[in-house]
Each structure stands twice: as structure tokens, then as C-alpha cells.
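I have placed the structure first, in the form of C-alpha cells, so that the comments after it can refer back to it.
The shown structure was predicted, so the numbers you read here are calculated from the model rather than taken from an experiment.
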Amino acid sequence: MAGEIVPNTPSTMAAPGGHYSHAVTAGGFVFVSGQLPIAPDGTKLNEASFEQQATQVLDNVANALKAAGSSIEKLTQVRVYVTDIASWPAFNAMYANWAGAARPARCVVPVPQLHYGFKIEIEAVALA
């Protein structure tokens, strides 16, 4: 329905830690909230390696998209926050494998810190 805003908080993901939905569908788009390296059972992977954290975050983005009726192939924009820009080459290789043929607009934002001491956070926009 036009103008409808539909929140999506899938049971395959840990419950949001605040007043938000993992994804919101509106106006033909899916807006994925910033995803952190939190496993579906709620375990925070703040002590895990950057690669393990990045894998969990990418899985979380994919799960949020799927729950909202979208997919990686429909991504239009991805924003990645990292606490160490030196991790970018490793992430870029992982991301290329994860995204496959999809080539959404993307940026990386180096930040001094993230919640719980995490090393990466990703938010995204996709077609519904």
C-alpha cells in the first residue's frame, strides 16, 4: 500500500538493542538499520577478529533484507563504519564475495569507536 511503513524485526536475528527495527520497508525501498556483529542468539562478538565480526554483520544485513522481502541483489546503497581503516582491504575482499554481481553505491566511514567496542557496523538501502 502506498505510503505504508512496515517495520521488520525477524526472529532469525537478535532482538534490537534499542527503539528501532532491523529493517523498515517504505516507498518501495528497504532501509536496514546499522547492523553490528551480534549473533542471532544475542552474543556480542566484540572480542572476535575483524573478519569474524564482518562476516556476522554481512549475515545480519542479508537476514534483515530477506525478512523485508528483499535481497543482496537489490541493494542500492551500503554504508560501512570501521574503527580501523587498515581493515578496509580485507573487508573489501569479503564484501565483493558476499555481494557477488551486486554493485550498490557504497562508502566507508572511519570512526573512532563503535558501541560495545565493535570494529564494524553496516547500514544499507535496497529495493523492496
Side-chain angles (χ1 to χ4, degrees):
M1 176 182 286
E4 187 174 4
I5 298 172
V6 180
N8 292 284
T9 300
S11 61
T12 57
M13 298 175 70
H19 188 73
Y20 65 92
S21 300
H22 283 302
V24 173
T25 304
F29 288 94
V30 175
F31 301 89
V32 178
S33 293
Q35 295 298 309
L36 294 166
I38 300 175
D41 67 0
T43 301
K44 294 174 179 70
L45 304 181
N46 53 322
E47 297 296 326
S49 69
F50 176 82
E51 290 77 9
Q52 290 170 311
Q53 288 191 29
T55 297
Q56 185 63 63
V57 170
L58 291 169
D59 287 348
N60 290 350
V61 171
N63 286 333
L65 289 168
K66 183 178 178 182
S70 189
S71 65
I72 295 167
E73 295 76 23
K74 293 182 178 183
L75 281 166
T76 59
Q77 189 272 330
V78 175
R79 186 169 294 123
V80 183
Y81 302 91
V82 294
T83 58
D84 183 357
I85 197 65
S87 301
W88 186 247
F91 175 76
N92 192 53
M94 295 173 68
Y95 176 87
N97 185 56
W98 175 82
R103 292 200 176 249
R106 183 186 73 181
C107 75
V108 59
V109 182
V111 296
Q113 64 184 13
L114 290 167
H115 205 48
Y116 302 115
F118 291 130
K119 299 170 182 157
I120 185 169
E121 180 173 355
I122 299 175
E123 63 178 321
V125 179
L127 293 174

Close side-chain approach of [X] and [Y], heavy atoms under 4.5 Å:
X    : Y    : value
I120 : T83  : no
L65  : K74  : no
H22  : P10  : yes
L58  : T55  : no
T9   : S21  : yes
Y95  : I122 : no

Next on the checklist: If the condition is ring pair (Phe, Tyr, Trp, His ring centres under 6.0 Å), which residues does F31 pass it with, not counting sequence neighbours?
Outcome noted: none
Next on the checklist: Run the ring pair (Phe, Tyr, Trp, His ring centres under 6.0 Å) test against F29 and tell me which residues pass, sequence neighbours left out.
Outcome noted: none
Item to check | Any residue meeting side-chain contact (heavy atoms from CB on, under 4.5 Å) with I85, in chain and number order, not counting sequence neighbours | outcome: V82, W88, V108, P110
Next on the checklist: Using the rule that Ile, Leu, Val, Met, Phe, Trp and Tyr join whenever any side-chain heavy atoms are under 4.5 Å apart, tell me whether I38 and F91 fall into a single cluster.
Outcome noted: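 No, it is not one cluster - the side chains of I38 and F91 are not joined through contacts under 4.5 Å.
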Checklist entry - Can V61 and W98 be said to form a side chain to side chain contact (heavy atoms under 4.5 Å, CB included), step by step? => result CA-CA 11 Å; V61 171; W98 175 82; 3.9 Å; yes
Checklist entry - Would you find more than 12 non-hydrogen atoms of other residues, nucleotides or ligands less than 6.0 Å from K66 atom NZ? => result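 No, because the 6.0 Å sphere around NZ of K66 holds 12 heavy atoms or fewer from other groups.
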Next on the checklist: Suppose the criterion is salt bridge (Lys or Arg N to Asp or Glu O under 4.0 Å): which pairs have a residue in residues 108-128, not counting sequence neighbours?
Outcome noted: R79-E123
Item to check | Non-neighbouring partners of R106 that pass salt bridge (Lys or Arg N to Asp or Glu O under 4.0 Å), sequence neighbours left out | outcome: none
Checklist entry - Taking only residues two or more places apart in sequence or in another chain, which ones pass salt bridge (Lys or Arg N to Asp or Glu O under 4.0 Å) with E51? => result none
